[in-house]
> 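The following block contains the structure, expressed as structure tokens.
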Number of protein chains: 2
Amino acid sequence: MRPDLDTTLTQKNIRPTAMRLLVLDYLLNQTAAVSLNNLETYFMRSDRITLYRTLKTFEEKGLVHSIDDGSGSVKYALCPDDCSTEEHHDLHVHFFCNQCRETFCLPKSHIPEIALPENFKTEEVNLMVKGICSKCTR
Amino acid sequence: MRPDLDTTLTQKNIRPTAMRLLVLDYLLNQTAAVSLNNLETYFMRSDRITLYRTLKTFEEKGLVHSIDDGSGSVKYALCPDDCSTEEHHDLHVHFFCNQCRETFCLPKSHIPEIALPENFKTEEVNLMVKGICSKCTR
DNA sequence: GGATAACCTGCAACTGCATTGCATATTACC
DNA sequence: GGTAATATGCAATGCAGTTGCAGGTTATCC
């Protein structure tokens, strides 16, 4: 069904410790991006700092990317497979639901060129759409 | 040259106190969006909290809008004239320079429709472009 | 023009999230 | 199995944003 967790980590040069496997498993089961607080709530028996560093490690190694959705806490979501360590300028769109306050990575919809003033160079584009998600619409 | 500061404030239902006139004057002279820290540094003799509340008041009354550029501190910039109190969903693009770490409001370039999954409703769109600004390019 | 009410300012203190130092435990490797 | 590298957990800190309250200032009404 899902790729071997252990392999997923080692392929990204991340030591597959118990904690990390648990976190990865959790991430794989989420439809929305998760915050440190989400993790903390879920893994009550574990330490906040460890979870924090786990996410940081995952991010460094290109397994997850961080999303600043303006909610005050950074969210993390698994990267698509083509994400490398060096480059993961997220060109995909993120959606923040104003009601349930969850954040979703939207399937890569191409962001068109933005017309910039003279001599401005684009390195990265973050597109954050806010509104009501499908769950909350009903 | 520039519209009367006093009038600008009263038109927005903001009491023109000395502090607010100073802050407004400062804002009018900026090309980049300003953070609370910027203000604090500039108005050394004044209180951080008052500056904070001045910005908040300006924002509430629709004189400035806040920009979360991902730098960790919120920036503020004067709204275009057509900004009303109730609605200022900034549909214009913001640019963050990765070098000088300044944030600019870009002239209203139209953001195209974003294709959302079924039953997702857009209420607001934030487009943050990051790169190198014209000053830093040279 | 003076009294009162509304509002603004400044100090102190608090919150929440992110982050770092250090000692201990765990894992990888020879 | 022993040693070095890495991960974990606890404590503590930093920083931006925020709130309560007392005192000062401004507007308003008579």
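Throughout, protein chains are lettered first and strands after them, A, B, ... in sequence-line order, and every chain is numbered starting at 1.
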> According to a 4.5 Å side-chain heavy-atom criterion applied to Ile, Leu, Val, Met, Phe, Trp and Tyr, with indirect links allowed, do A:Tyr52 and A:Val74 form part of one hydrophobic cluster?
yes
> Is any side-chain heavy atom of A:Leu63 less than 4.5 Å from a side-chain heavy atom of A:Leu78?
yes
> State, with a plain yes or no, whether a side-chain heavy atom of A:Lys135 is found less than 4.5 Å away from one of A:Cys97.
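Side-chain contact under 4.5 Å: no.
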> Please identify each residue that fulfils side-chain hydrogen bond (donor to acceptor under 3.5 Å, both in side chains) with A:Ser35, with sequence neighbours left out.
A:Asn38
> Name the nucleic acid region contacted by B:Arg53, choosing base, sugar-phosphate or nothing; use a 4.0 angstrom heavy-atom cut-off, strictly under.
base
> For A:Leu9 versus A:Pro16, what's the shortest heavy-atom pair and its separation?
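Closest pair (atom of A:Leu9, atom of A:Pro16, distance): CD1-CA, 3.7 Å.
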> On DNA chain D, compare the nucleotides closest to B:Tyr52 and B:Pro16; which residue's is nearer the 5' end?
B:Tyr52
> Which nucleotide span of DNA chain C, 5' end to 3' end, has atoms closer than 4.0 Å to non-hydrogen atoms of chain A?
C:dC17 to C:dA28
> Do B:Phe96 and B:Ile132 belong together in a cluster built from hydrophobic side chains that touch within less than 4.5 Å?
no
> Measure the angle between the two terminal helix axes of the helix from C:dG1-D:dC30 to C:dC30-D:dG1, five base pairs each, and quote it to 10°.
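It works out to 30° between the end axes.
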> B:Ala18 or B:Lys56: which one's nearest nucleotide on DNA chain D is closer to the 5' end?
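On the 5' side of the pair lies B:Lys56.
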> Which heavy atom of A:Arg101 sits nearest a heavy atom of A:Lys75, and at what distance?
O-NZ, 3.4 Å
> Looking only at heavy atoms, which two atoms of A:Glu118 and B:Ser134 are closest? And how far apart?
O-CB, 3.6 Å
> Could you list where the contact with chain A starts and ends along DNA chain D, reading 5' to 3', using a 4.0 Å heavy-atom cut-off?
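The contacted stretch runs from D:dT6 to D:dA11.
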> Measure across A:Tyr76 and A:Glu59 and return the closest heavy-atom pair with its distance rounded to 0.1 Å.
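Scanning both residues, the minimum pair turns out to be CE2-OE1, 3.8 Å.
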> Just by distance, no angles: are the side chains of A:Thr137 and B:Asn119 close enough, under 3.5 Å, to form a donor-acceptor pair?
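Absent: no donor and acceptor within the cut-off.
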> Distance-only check: which donor-acceptor pairs under 3.5 Å involve side-chain atoms of residues 39-46 of chain A, not counting sequence neighbours?
{"from": "A:Glu40", "atom 1": "OE1", "to": "A:Arg48", "atom 2": "NH1", "distance (Å)": "2.4"}
{"from": "A:Thr41", "atom 1": "OG1", "to": "A:Asn37", "atom 2": "O", "distance (Å)": "2.8"}

> What are the residues of residues 44-51 of chain B, sorted by number, that bring a heavy atom to within less than 4.0 Å of DNA chain C?
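Under 4.0 Å from DNA chain C: B:Ser46, B:Asp47, B:Ile49, B:Thr50.
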> Could you tell me whether the side chain of A:Thr54 reaches within less than 4.5 Å of the side chain of A:Leu24, counting heavy atoms only?
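No, side chains not in contact.
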> Quick one: closest heavy-atom pair of B:Asn29 and B:Asp25, and the distance?
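Closest approach of B:Asn29 to B:Asp25, heavy atoms only: ND2-O, 2.9 Å.
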